[in-house]
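For reference, the structure is listed below as structure tokens.
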There are 2 protein chains.
Amino acid sequence: MAGENEPGTVRPGGRTARVREAVLRAAEDALTELGFTHLDLADVARRAGVGKTTVYRRWGTVTGLVADVLLDMAEQSAPRTETGSLSGDLKANARLVQRTLTDPRQAALFKALIAAATGDTKTAAALHRFYDIRVAEWAPCVRQAVERGEVPAGTDAEEVVRAVSAPLYYRLLIGGGPLDEAAADRAAEAAEAAARAGAYVRGREKPA
Amino acid sequence: MAGENEPGTVRPGGRTARVREAVLRAAEDALTELGFTHLDLADVARRAGVGKTTVYRRWGTVTGLVADVLLDMAEQSAPRTETGSLSGDLKANARLVQRTLTDPRQAALFKALIAAATGDTKTAAALHRFYDIRVAEWAPCVRQAVERGEVPAGTDAEEVVRAVSAPLYYRLLIGGGPLDEAAADRAAEAAEAAARAGAYVRGREKPA
DNA sequence: GCCATAACGGTACTCCAGTTCCATTAATCG
DNA sequence: CGATTAATGGAACTGGAGTACCGTTATGGC
């Protein structure tokens, strides 16, 4: 995550790009294995087969490196499945999130990313961007439900998608209950029920 | 968070207790001001007016100290308000959480606590305990709603309370939208609508 | 293909988080 | 109140995270 005229901006090709790739991959591995707390930039450099001077010059701090990891992750997008019904789509989304947060390696990585974002504004912005993109990919299924009349007009599609994820992340980070398929299905059903009841209609004065 | 026969267990009175108090207060201040990332135990010792050797001996690591802060916070409980209706109670809860997470100092502290918990099992356990207690304090208002027939029998009261908080914490840590009263009210309404629809009934096979 | 220089990488250095050691203080038991 | 020793706290030490310096590599423009 280089600043204004930081190294890597004038000659971004060839070696510079290769170094970035290697360092970001190494950073993901290190975050997964060690977590945010025990991350050491010299260790990342070693894993990447790169001089530690380079890592310190281009990324500077652990949070700065994590911010760049997030920018990189935001580019690769995963396609969503389509089931035809709001219930089916939301459940598919919930299960995808649940599987991600249950996989030991991915769970560790996401925890590390979120922890890093709590301490640095730029990292937080990169995290928001990452999730905004992911949420936007799933929002269309809610808009289709609005068109089909399953859900009130004016419903905030993004907010419904976030409502599916929120309880699952709550368990991952805060509450710590089981993160199983039942939890995923409950999250999807709750979001759907709330959406049908009009809880996510934008700019109301009073509840329906 | 002393282990089996760590210092402080044989003679817990007098000075030892005073040191613990001073260190925990100083740790809260430091976490609030600097965040989890930049916390330094020597700095905490200085703030507490205590030898840094003592802090390292009794708490060892930053996450260890945070775990003890959480155990301490879990003891002091805040009473809830009662409005008589489920809608009113959940909204009161949502607004309380929203105000906490909006206050700059408290928000910083909670972010730091959650970030610390992502990296250490014991700290995570202490965090779960803290929130289990807070959730349990608010669960009765949902149980009363079940008795009044506002919500289906078999509804998991704790899960409803967690559902109110989840979207607010999602914004704080992950999504980053506005954390205002409208967001709080929406969270409360959504949880209520989902609860009425039976989304939080325990041990169902199929959705209602 | 050649030049100017952006970017990398090794080495040596600094500084402070975390440890070790031991003298001092005071909590608990009788 | 006095003895025992748990617990604290100062001071000196150590290792490694982060920095500075400078020679080497190879990118991008001509």
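Here is how names work: the chains are called A, B, and so on, in the same order as the sequence lines, proteins then strands, and each is numbered from 1. Only this structure's heavy atoms are used, side chains among them; waters, hydrogens and symmetry mates stay out.
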So, B:Asp156 and A:Arg186, do they make that salt bridge, N to O below 4.0 Å? no

Hey, which sits more toward the 5' end of DNA chain C by its nearest nucleotide, B:Val10 or B:Leu41? B:Leu41

Rounding to a whole Å, what distance do you find between A:Glu21:CD and C:dA7:C1'? 17 Å

side-chain N/O A:Arg18 vs D:dT27 OP1/OP2, d < 4.0 Å: yes

Hey, can you tell me if A:Tyr170 and B:Tyr131 have their rings parallel, tilted or perpendicular (30° and 60° cut-offs)? perpendicular

Counting neighbours of CZ on B:Arg47 that are heavy atoms of other residues, nucleotides or ligands and sit closer than 6.0 Å, is the number greater than 12? yes

Let's see if you can work this out: which of C:dG18, D:dT8, C:dA7 has an atom nearest to the side-chain heavy atoms of B:Asp40? C:dG18

Assign each of B:Val19 and A:Arg11 to its nearest nucleotide of DNA chain D by heavy atoms, then name whichever residue's nucleotide is nearer the 5' end. B:Val19

Give the rounded distance in Å between these two atoms: CH2 of B:Trp59 and P of C:dT19. 15 Å

How many whole angstroms separate atom CD of A:Glu6 from atom P of C:dA7? 10 Å

I'd like to know if B:Arg57 reaches the base of D:dG9 with its side chain such that a donor and an acceptor end up less than 3.5 angstrom apart. yes

Phosphate OP1/OP2 of D:dT8 contacted by B:Thr53 side-chain N/O (<4.0 Å): no

Taking atom CZ of B:Arg129 as the centre, report whether more than 12 heavy atoms of other residues, nucleotides or ligands fall under 6.0 Å from it. no

What nucleic acid atoms does B:Gly8 come within less than 4.0 Å of, heavy atoms only: base, sugar-phosphate, or nothing? sugar-phosphate

Start at the 5' end of DNA chain D and walk down; is the nucleotide closest to A:Arg15 or to B:Lys52 reached first? B:Lys52

Whole angstrom is fine here: how far is it from CZ in A:Arg46 over to C1' in C:dG10? 14 Å

SB check A:Glu28 A:Arg25 (cutoff 4.0 Å): yes

Between B:Ala42 and B:Thr16, which is nearer to the 5' end of DNA chain C once each is assigned its nearest nucleotide? B:Ala42

Does a side-chain N or O from A:Arg58 land closer than 4.0 Å to OP1 or OP2 of C:dC8, or not? yes

Looking only at side-chain N and O atoms, does B:Tyr56 come under 4.0 Å of OP1 or OP2 in C:dT19? no

Just how far, in rounded Å, is C1' of C:dA17 from NE2 of A:His38? 14 Å

